[in-house]
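Below is one structure; the comments refer to it alone.
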Amino acid sequence: QAQLVESGGGLVQAGGSLRLSCTAPGFTLNYYAIGWFRQAPGKGREGVSCISGNDDSTDYADSVKGRFTTSRDNAGNTVYLQMNSLKPEDTGVYYCAMSCVLPYNYWGQGTQVTVSA
């Protein structure tokens, strides 16, 4: 199974914003539900958001509702996670997946997001 590639992470101050990108080298993401997950230091992965593969409907973890938005650009074969009003507790490695439910075993490298107080 091909791995997805995450990018766009970085270091920001609380209240700042980042936009993460999820791409799929060599194949299309159009037909897949894409979930974003994150892993804080010393913790397991948790679901952040989901965008449907058939109607682009979205769902979010309660902890990020109103702050994060996931969207899809089929022409660019990219799924985004726009993160606004970032909090220190958002810190972690962010991964995208070709599923919105676990288990999932095809994780990419992830992209580090660090939010300072």
Side-chain angles (χ1 to χ4, degrees):
Q1 181 71 49
Q3 292 182 327
L4 304 180
V5 179
E6 302 91 346
S7 63
L11 173 64
V12 298
Q13 294 181 328
S17 297
L18 286 171
R19 188 177 73 163
L20 308 184
S21 297
C22 175
T23 60
F27 66 98
T28 182
L29 290 176
N30 293 2
Y31 312 114
Y32 293 94
I34 301 295
W36 284 96
F37 299 81
R38 66 188 181 188
Q39 187 168 24
K43 298 183 179 180
R45 288 185 180 90
E46 63 174 343
V48 174
S49 70
C50 176
I51 184 164
S52 171
N54 50 26
D55 64 357
D56 285 347
S57 62
T58 57
D59 194 24
Y60 302 91
D62 288 342
S63 59
V64 307
K65 284 180 180 177
R67 300 188 298 119
F68 290 11
T69 303
T70 188
S71 61
R72 184 189 301 271
D73 175 13
N74 286 335
N77 199 34
T78 303
V79 172
Y80 298 101
L81 182 67
Q82 178 68 47
M83 306 186 296
N84 299 325
S85 302
L86 283 162
K87 303 175 180 179
E89 53 262 44
D90 294 318
T91 293
V93 180
Y94 283 68
Y95 304 86
C96 55
M98 292 180 285
S99 176
C100 292
V101 298
L102 299 178
Y104 181 82
N105 293 316
Y106 304 102
W107 304 106
Q109 295 299 306
T111 186
Q112 175 71 228
V113 171
T114 303
V115 184
S116 62

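The basis for the numbers below is simple: all heavy atoms, side chains too, and nothing from hydrogens, waters or symmetry mates. One is the number of the first residue; the rest follow in order along the sequence.
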Residues which pass side-chain contact (heavy atoms from CB on, under 4.5 Å) with A61, listed by chain and number, not counting sequence neighbours: S63, V64

Quick one: list whatever passes salt bridge (charged side-chain N to carboxylate O under 4.0 Å, His left out) with R45, sequence neighbours left out. none

My understanding is that only residues two or more places apart in sequence, or in another chain, count here; which of them pass salt bridge (charged side-chain N to carboxylate O under 4.0 Å, His left out) with R67? D90

Suppose the criterion is disulfide (SG to SG under 2.5 Å): which pairs have a residue in residues 55-117, not counting sequence neighbours? C22-C96, C50-C100

Heavy-atom side-chain contact between F37 and L102 under 4.5 Å: yes

With sequence neighbours left out, what residues match Q112 under side-chain contact (heavy atoms from CB on, under 4.5 Å)? T91, V93, T114

Is it true that atom CD of E46 has more than 12 heavy atoms of other residues, nucleotides or ligands lying nearer than 6.0 Å? yes

Nearest heavy atoms of M98 and F27, plus distance in Å: SD-CE1, 3.5 Å

Give a yes or no on whether the ring-centroid distance for W36 and F68 is below 6.0 angstrom. no

Spatial distance of atom CG (N77) from atom OG1 (T28) [nearest 0.5 Å]: 4.5 Å

Supply the atom-to-atom distance T58 OG1 to I34 CD1, rounded to the nearest 0.5 angstrom. 14.0 Å

Checking T23 now: which residues fulfil side-chain hydrogen bond (donor to acceptor under 3.5 Å, both in side chains) with it, not counting sequence neighbours? none

Kindly give the heavy-atom pair with the smallest separation between A14 and A117, and that separation in Å. CB-CA, 4.3 Å

Taking only distance into account, with no hydrogens and no angle test, what donor-acceptor pairs under 3.5 Å do side-chain atoms of residues 79-86 form with protein atoms, sequence neighbours excluded?
{"from": "Q82", "atom 1": "NE2", "to": "N84", "atom 2": "OD1", "distance (Å)": "2.9"}
{"from": "N84", "atom 1": "OD1", "to": "S17", "atom 2": "OG", "distance (Å)": "2.9"}

Applying salt bridge (charged side-chain N to carboxylate O under 4.0 Å, His left out), can you list everything that pairs with D56, at least two apart in sequence or on another chain? R72

Note, Y60 side chain near T70 side chain (heavy atom, < 4.5 Å): yes

Mind checking whether Y106 and V5 sit in one hydrophobic cluster, side chains of I, L, V, M, F, W, Y counted as touching below 4.5 Å? no

Kindly write out the residues that satisfy side-chain hydrogen bond (donor to acceptor under 3.5 Å, both in side chains) with N105, not counting sequence neighbours, or none if the list is empty. none

Using salt bridge (charged side-chain N to carboxylate O under 4.0 Å, His left out) as the criterion, list what pairs up with K65, not counting sequence neighbours. D62

Measure from the side-chain N and O atoms of T78 to the backbone N and O of G76, and report whether any donor-acceptor pair falls under 3.5 Å. yes

side-chain hydrogen bond (donor to acceptor under 3.5 Å, both in side chains): which pairs involve residues 93-103, sequence neighbours left out? R38-Y94

According to side-chain hydrogen bond (donor to acceptor under 3.5 Å, both in side chains), does anything in residues 4-13 pair up with another residue at least two apart or in another chain? List the pairs. none

